[in-house]
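Start at 1 and go down the list; that is how both ligands and their atoms are numbered.
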Amino acid sequence: MSRVSLRHVAKSFGPVQAVKDVTLDIPDGAFVTLLGPSGCGKTTTLNMLAGLEKVTRGDIFIDEQNVTKWAPHERGMAMVFQNYALYPHMNVFGNIAFALQLAKVPKAQIKERVHRVAKALELEALLERRISQLSGGQQQRVALARAMVKEPKVFLFDEPLSNLDAALRTRMRSEIKKLHQQLQATSIFVTHDQEEAMILSDYIAVMREGLVVQYGPAEDIYRRPQHLYVATFIGKPRMSTLSGHLRVTNDGAMTFESDTITLRWPFMPQHGPIIPIDTQAHLGIRAEDAQLLVDANATAPHSSDVFHGEVTLVEPLGSDTFIEVSRGGNAIVVRVAPDLHLRPQIPVSVRLPRHKLHFFDMANGNRIDL
Ligand code: ATP
């Protein structure tokens, strides 16, 4: 187990600034995901950690040691690649044993270590098989075994699940999670799949255009996104947003107005005095936090924290149903019970509880803390 730190790390390829300035502290034994859309610099960051790419600027530390100039094999890291990079002409044993043979580990020890890892990953029966005779999931496990057998201080994963079909992807995701629970080795995982990141990670670094927009415990990233970009990137379905004008007055009223709606809440700040606000903003709410008001009579028709609209989409998932409620150009997605049979065009109301709302400054996307 090891602590890993990046300090103002940057990488340029000619005129392309793939990574602009990344600083991250990855605690001992943590599972950390670099999450972001294609081209945001995730793989380049991982490659610099592994030593496969030289940094243009900045430093990398493992357990307080500056390893920025160390060769890949000196860093005690093992990488699992997207395409597995297995040796097709070798059998499973050969693939797992390869790095140990290169390192001139004694034969008996190689055999013992390969068998131990193969047992953990249920590959024992396949050790003599050629790579071309394996399924995608089995190849994935060989790639994991090849990393594990090196007994690395740190595991690096570059989108290892992206070539698998949906069912296998879910299964392998669980295997990686169990493996981490078992080994407790520091793991750094790259993906563009926010669901994968949420399920696997202790900490998530959300990246955009070569920078980390927010880094923190997965739950914080979901519950307290510090930027509109993070809020709408994380979560399925996507957080609903309305754009309008936010006002907080010092007598404790809070309003949000757009062309088609006016919402009002009593406002009690959680800490300190009220700071008046008068700004263009985005209101955000997650589907599970918005409340559908089923009993129309119980709804004061002009209740001030309620969004009135009509159902424009119904998406049943089995365990939950998501409905979209729209009015004018605004739409809010609400999670409802699956036995609630709603049809498009029915008028409905949605309560937006004050303590579940997120606000983001329209000018720069930053969270407005209320
Ligand atoms: P993906 O999910 O598509 O792999 P990513 O977030 O991992 O994307 P990187 O592969 O790190 O992104 O690439 C970041 C940027 O750097 C991209 O604009 C990419 O085109 C560029 N880039 C990466 N490697 C090189 C290279 N060897 N030469 C030139 N440009 C590169």
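Looking only at atom types and distance, the side chain of His355 has no donor-acceptor partner in the side chain of Asp289 under 3.5 Å away.
Under the side chain to side chain donor-acceptor pair (under 3.5 Å) criterion, the residue pairs touching residues 37-52 are Thr43-Asp158, with sequence neighbours excluded.
Judged by a 6.0 Å distance limit and a 45° cone about the ring axis, Arg208 is positioned over the six-membered ring of Tyr229.
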Thr191/Asp193 under side chain to side chain donor-acceptor pair (under 3.5 Å): CA gap, chis, key distance, verdict: CA-CA 5 Å; Thr191 184; Asp193 181 332; 5.3 Å; no
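Between Val4 and the options Asp63, Leu24, Val154, a side chain to side chain contact (heavy atoms under 4.5 Å, CB included) holds for only Val154. Just one residue in the list Asp25, Asn66, Asp59, Thr23 forms a side chain to side chain donor-acceptor pair (under 3.5 Å) with Arg7, and that residue is Asp25.
Within 4.0 Å of ligand 1, contacts by protein heavy atoms are made from Phe13, Val16, Ala18, Pro37, Ser38, Gly39, Cys40, Gly41, Lys42, Thr43, Thr44, Glu159.
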